[in-house]
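A quick write-up on the structure given underneath.
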Amino acid sequence: MPWPPKVFWVGLLIIYGTAVLGWLLEATVKIQKIPTAQIWYTSIWATFLAPVIVSWMYFYFRERAEAKKAAEKKEVS
Amino acid sequence: MAESVDPVVIAIVAIYLIAVVVIGYYSRVRLKSAIDYYVAGRRVGSVVNGLALESTYFSPASMLGLPAYIFLIGYPFWWGMMAIVAGMPIATLLTAAALRKYAPVSFADYYADRFGDERLRWWIGIIVIVGSILYIALSLVGMALFMVAILKMPYLIALIITTIITMFYVVYGGMIATSWNAAMQAVVMTLAAIIAAVAIVWQLGGFEGVYYAALKSYPKIWNTPADAPDVPHLLSSTWIAVIGWFFVWHYGFATMPYTVVRFFTTMDIKTARRSIFWCTLAAGAFYVALQLIGITSKYMIEKYHPIAVAAGGNMTATQVLATIQKTYGIGTVTDYSMIAAVEALGNPVVLGILCAGGLAVAMSTAAGWAVVVNTIIARDWMVKLLKSKKAEERPIFYGRLVAFIFLLIGFIVAIQPPALVLDLSGWAFIVVICSLGPGLVLGLWWKRATRAAMWITAIVMFIVSMVAWLRAHLVLGHHARFFLNDILFGNPNALITPHQVWTIPVGFILFIIISLLTKPPEEERVQKYCVELTKEV
């Protein structure tokens, strides 16, 4: 069965972990009522930084794995 | 709304339109073959493709619709906006890299090849046509609203002008013109939203000012379902509703035809992956700006909009918007709330840049969908299925003809839009994702995915999602209500399931069950799609 690389699951954990943790903190301690808090964790982190970091991870680690594989192939040949 | 036309606003928009014409002209010079027209000759780099992805994916539903929805249902909707951007990187390894490796021309190529049935092109075409009409219509509505803000003209005349501009733009450019222009448009629209948001935050005295301004105009805005019964709005009153909003647009980037075809235009798999990084970077900044504008729009309109000021500051934002609606004959005026908030700044430079950005976001989306639909009809239906010699010999002519016809249909729908632009977008998303998404994702990642499952899921889920959305919208009064609320619970508000988003998991479950019950696909097909394409994505 084909299976996405490990880095894919790490990215999913960051994205869905952020959403679930945010909702839990909002439902329990009402973190969004702290002035400006929601701008930082929903906008700056969850909408901007987290997706950018995950999309960077997805190309950087894939390219690094490919480069490593290519180097190994070269050594063998 | 200021009654006079502002020359500064017109000048900024004129500069943008001249740039579109110049880029369109030079793109046309490079347009030599059908492959250039459909997939830009597969020579688009990561930055250009990433920015083009951003401006194509984001439509007036983003620029006008999302701030309008925060205006309506409050802070809990922010998570829905976060989910849209967060869905972008997921596409990288789920569909983009594999589809670029495969390198088809049309969205339907994948389905016809993977499931070994050319006739699938018919049904996929019908589903894509529904999405195209909704999206082209909402793009034209968005452009017309910005034209109203620029030229202070009646909505219908603005709509006619914007349709003609878009026709020239799409019909003469194809994917090359839309790629380069869309990249430029991404820069314009992202900067426009950031500049408008910074101006508003500056006027309100920073993030703290934003927080209290929002609270003042909308006391329940920061409440969530945990604060029941003091919820900001019925549509954000339960956690099921909040989670539903989160997922409506979340998987669109990985599965919607107008983004998927942009994975085909890149030079190689590395460029496909990197282009999503650039797209996410620009999209994240754009959305943070929209969130800030949306959360403050009520306050800005009530305190600073010229109509509210002229009335002595005693009008609500809704009353101001109703006045604008009456003056210019706008169909769905809540969509105008974002423009009205920026008008309230009283700064023609910021308004001019925002209007240029608004035209940019609408033109690029209309163009993206027009290219998708003309590829489906002129190439897939006419050449591949009907074996038309004429269409084969003159592909670009027929592609342009189809784009022209669909822009005309979009124009007719846009005269009196059936819903807000975000509603039209959400509808198109759910219909397309629940019927075509399972076949796209599972066709790549699950060896057992079968042709019968593809057919049954595409037909059943298309009908179910259309009926569910329309029944909720027409019978229960809003698409966010579960469509059987009155029959099952005797209460139209019993369950809030935005845009009938439950159809996506149902579509996947149906696809899996039918696949397990039917004959497995041929080994060579499995090898090609589920092993070679997904290996080292």
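First the proteins, then the strands, lettered A, B, ... as listed; each starts at 1. The figures here come from the full heavy-atom set of this structure, side chains too, leaving out hydrogens, waters and symmetry mates.
When heavy atoms are compared at a cutoff of 4.5 Å, B:Val526 does not approach chain A at all. Proximity to chain A is absent for every atom of B:Trp278, based on heavy atoms less than 4.5 angstrom apart. Contact of A:Leu49 with chain B is not made at all, since no heavy-atom distance falls under 4.5 Å. Residue contact with chain B, scored on non-hydrogen atoms closer than 4.5 Å, involves the backbone and the side chain of A:Ala27 alike. Both the backbone and the side chain of A:Pro4 come within less than 4.5 Å of a heavy atom in chain B. Contacts of B:Val85 with chain A are made by both backbone and side-chain atoms, with heavy-atom separations under 4.5 Å. For A:Ile31, no part lies near chain B; criterion is any non-hydrogen pair under 4.5 Å. For A:Tyr16, the part lying under 4.5 angstrom from a heavy atom of chain B is the side chain only.
Residues B:Thr92 and A:Phe59 fail the side-chain proximity criterion, which asks for heavy atoms closer than 4.5 Å. In this structure, the side chains of B:Leu93 and A:Val7 come closer than 4.5 Å at one or more pairs of heavy atoms. The shortest side-chain heavy-atom distance between B:Ile243 and A:Trp23 falls under the 4.5 Å cut-off. Contact annotation: the side chain of A:Ile39 never approaches that of B:Glu208 to less than 4.5 Å [non-hydrogen atoms, C-beta and beyond]. B:Pro89 is listed as a side-chain neighbour of A:Ile15, based on a closest heavy-atom distance under 4.5 Å. At least one side-chain heavy atom of B:Phe277 sits under 4.5 Å from a side-chain heavy atom of A:Val52. Residues A:Tyr58 and B:Ile276 are not in side-chain contact: their nearest non-hydrogen atoms beyond the backbone lie 4.5 Å or more apart. Put simply, the side chain of A:Trp56 does not reach to within 4.5 Å of the side chain of B:Thr280, judged on heavy atoms.
For CH2 of B:Trp202, the number of neighbouring non-hydrogen atoms (other residues, nucleotides, ligands) closer than 6.0 Å is 12 at most. Residue B:Ile512 qualifies as enclosed at atom CD1: its count of foreign heavy atoms under 6.0 Å is above 12.
Across every non-hydrogen atom of B:Tyr287 and A:Thr47, the tightest pair is CB-CG2, 3.7 Å. Residue A:Ser43 comes nearest to B:Trp78 through the heavy atom pair OG-CZ3, 3.4 Å, listed as atom of the first residue, atom of the second, then distance.
Judged purely by atom type and a 3.5 angstrom limit, B:Tyr211 uses its side chain to pair as donor or acceptor with the backbone of A:Lys33.
If you tally non-hydrogen atom pairs under 4.5 Å between each of A:Gly22, A:Ala50, A:Ala65, A:Ala46 and chain B, the highest count goes to A:Ala46. In terms of non-hydrogen atom pairs under 4.5 Å with chain A, the most contact-rich of B:Thr224, B:Val242, B:Thr534, B:Leu444 is B:Thr224. Chosen from B:Lys447, B:Met81, B:Arg274, B:Lys270, the residue pairing most often with chain A at heavy-atom distances under 4.5 Å is B:Arg274. Between chain B and the residues A:Ala19, A:Gly11, A:Pro5, the largest count of heavy-atom pairs under 4.5 Å involves A:Ala19.
No side-chain N or O of B:Asn223 forms a donor-acceptor pair with one of A:Lys30 less than 3.5 Å apart. A donor-acceptor contact closer than 3.5 angstrom links the side chains of B:Tyr75 and A:Glu26.
The CD1 atom of B:Ile221 lies 9.5 Å from the CD atom of A:Gln38; values are rounded to the nearest 0.5 Å. Atom OH in B:Tyr212 sits 9.0 Å away from atom OG1 in A:Thr36 (nearest 0.5 Å). The CG atom of B:Leu281 lies 11.5 Å from the CD1 atom of A:Ile53; values are rounded to the nearest 0.5 Å.
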